[in-house]
Amino acid sequence: MNRIHHHRPASGPHLTRTGAVIGMTALALAAAAANAYQTRRAERRNPPVGRFADVDGVRLHYLEKGDGPPVVLLHGNIVSAQDFVYSGLFDRLAARYRVIAIERPGFGYSERPRGTAWTPRAQADLLSRAFDVLGAEQPLVLGHSWGALVAAALALDHPEAVRGLVLLGGYYYPTARADVVLTGPPALPVVGDLFCHTVSPLVGAALMPVFIKGMFTPQQVPARFSRSFSTGMALRPSQLQAMSRDGAMMAAAASGLQHRYGELRMPLAIIAGAGDKVADIDRQSKRLHEEVRHSSLRLIQDAGHMVHYAVPDEVAAAVDEVAARAGQRARLGATETVLDRSAALT
């Protein structure tokens, strides 16, 4: 008598795991597609408004306006060069300087080629060559937040290329940072790509209001920032990875520079918000001022990390004073005036 064997379909843990993998893959693909769509949408709504320069094979996007001695502006994390426009500082300075706001590698529309660890020193090397390409001879360099670290690296590694420094809300000395927990995974090789194309933009969209509020605390987020800042541009996978990698390396980068600040010889103005919740002023700006004795320090009461929004006129005045000490010529209306080299910083 022949027996009929009935084959039961596979079941149990193996089937459950397979279904879970298929489900997670489908979700990842759906998230990647949604993020790709949001990236295209953000870029359509926020096309590049500046110019492009090729510097050693790296395409950099920058904004330029005005005549006079060159002033280069370097933005912080999350934002792009447009941040200086939103704050009003860009136009204030352009009234008497040739102002060039450069988007650091990976931010805005600037490229960030793989294969390079884009430390502050690596970014400084690239920017020093960008000055030659742009014909910006010995500019005064203003850096905010992460951009202040790049500005310091520029002045230390290329002192002949920098006439003076203005540093806003900077991070100069290594400290323990809780944000590394969030920036760590997207900053990893290979795995970071997966995060930045799937989960990280969604997490970032949820957390961005918290980050922005913390940047401006104790002030309210200005209406002009809320109107102009594009969360979609900041959360593109390419910029997310740049933000994450810059954030993850911040403490190590500061550690590599902290013993060299005594080498700074050019005029230096340090400005920070007294209520800064991002970069502790006692451990950062005050300490740098104590170490670089010829520097000036302004602490702005009732201001936070985004100090250039709180007091753009005072920041512009600091640029004037550093330029004066460096003996630069500033355009005042249609007249060029030689600024007094001996003008004291307050």
Side-chain angles (χ1 to χ4, degrees), residues 52-62 70 72-81 83 100-134 136 138-162 165 167-175 177 179-180 183-184 186-190 192-193 196 234 236-261 263-264 266 279 284 288:
F52 289 92
D54 185 280
V55 183
D56 291 348
V58 180
R59 195 170 187 240
L60 294 179
H61 181 243
Y62 66 98
V72 170
L73 310 180
L74 302 177
H75 62 85
N77 221 336
I78 298 180
V79 298
S80 67
D83 185 58
I100 305 170
I102 303 177
E103 289 180 336
R104 297 188 293 103
F107 291 82
Y109 282 97
S110 287
E111 295 178 340
R112 190 181 181 107
R114 294 177 181 270
T116 298
W118 288 104
T119 63
R121 297 186 67 182
Q123 294 188 33
D125 289 344
L126 180 70
L127 291 170
S128 71
R129 295 191 291 274
F131 296 167
D132 293 333
V133 172
L134 298 175
Q138 281 194 305
L140 186 153
V141 179
L142 180 150
H144 171 245
S145 191
W146 219 92
L149 201 55
V150 178
L154 255 168
L156 290 169
D157 289 348
H158 306 277
E160 74 291 342
V162 178
L165 285 176
L167 304 178
L168 311 179
Y171 179 88
Y172 316 105
Y173 301 93
T175 58
R177 297 187 62 86
D179 57 348
V180 174
T183 59
L188 295 171
V190 183
D193 290 318
C196 288
R236 293 171 300 160
S238 59
Q239 184 158 323
L240 260 176
Q241 194 158 60
M243 289 161 46
S244 298
R245 289 182 173 174
D246 281 6
M249 75 170 73
M250 185 178 287
S255 179
L257 293 176
Q258 66 174 330
H259 302 297
R260 298 182 57 200
Y261 296 134
E263 300 172 23
L264 293 172
M266 67 277 295
Q284 302 299 335
L288 181 64

Nearest heavy-atom pair of [X] and [Y]: which atoms, and what distance?
X: Ala153; Y: Leu257; answer: CB-CD1, 4.1 Å
X: Gln258; Y: Pro174; answer: OE1-CD, 3.6 Å
X: Ala161; Y: Pro139; answer: O-CD, 3.2 Å
X: Ala148; Y: Gly170; answer: CB-CA, 3.8 Å
X: Ala151; Y: Val141; answer: CB-CG1, 3.7 Å
X: Trp146; Y: Met250; answer: CD1-CE, 2.7 Å

Heavy atoms, side chains only, cut-off 4.5 Å: are [X] and [Y] in contact?
X: Leu134; Y: Val72; answer: no
X: Gln123; Y: Ile102; answer: no
X: Arg112; Y: Arg245; answer: yes
X: Arg121; Y: Leu156; answer: no
X: Asn77; Y: Tyr171; answer: no
X: Pro120; Y: Met249; answer: yes

*Please identify each residue that fulfils salt bridge (charged side-chain N to carboxylate O under 4.0 Å, His left out) with Asp125, with sequence neighbours left out.*
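With sequence neighbours excluded, Asp125 shows a salt bridge (charged side-chain N to carboxylate O under 4.0 Å, His left out) to no residue whatsoever.
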
Answer yes or no: is there a donor N or O on one side and an acceptor on the other, between the side chain of [X] and the main chain of [Y], under 3.5 Å?
X: Gln138; Y: Glu160; answer: yes
X: Gln239; Y: Phe107; answer: no
X: Trp118; Y: Pro113; answer: yes
X: His75; Y: Arg104; answer: yes
X: Ser80; Y: Glu103; answer: no
X: Ser244; Y: Leu240; answer: yes

_Set of ring-ring contact (aromatic ring centres under 6.0 Å, His included) partners for Tyr261, sequence neighbours left out_ =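 By the ring-ring contact (aromatic ring centres under 6.0 Å, His included) rule, Tyr261 matches Tyr173.
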
_For His144, ring-ring contact (aromatic ring centres under 6.0 Å, His included) partners two or more places apart_ =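 ring-ring contact (aromatic ring centres under 6.0 Å, His included) list for His144, sorted by chain: His305, His308.
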
*asked:* Given the ring of Tyr109, does Arg236 sit roughly above its face, with NZ or CZ under 6.0 Å from the centre of the six-membered ring and within 45° of the axis?
replied: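 Ring-cation test returns yes.
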
Between atom [atom1] of [X] and atom [atom2] of [Y], what is the distance when rounded to the nearest 0.5 Å?
X: Leu167; Y: Leu74; atom1: CG; atom2: CG; result: 10.0 Å
X: Leu165; Y: Leu140; atom1: CG; atom2: CG; result: 7.5 Å
X: Asp83; Y: Leu73; atom1: CG; atom2: CG; result: 10.0 Å

*Enclosure of Arg59 CZ (heavy-atom neighbours >12, cutoff 6.0 Å)*: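 12 or below, so no.
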
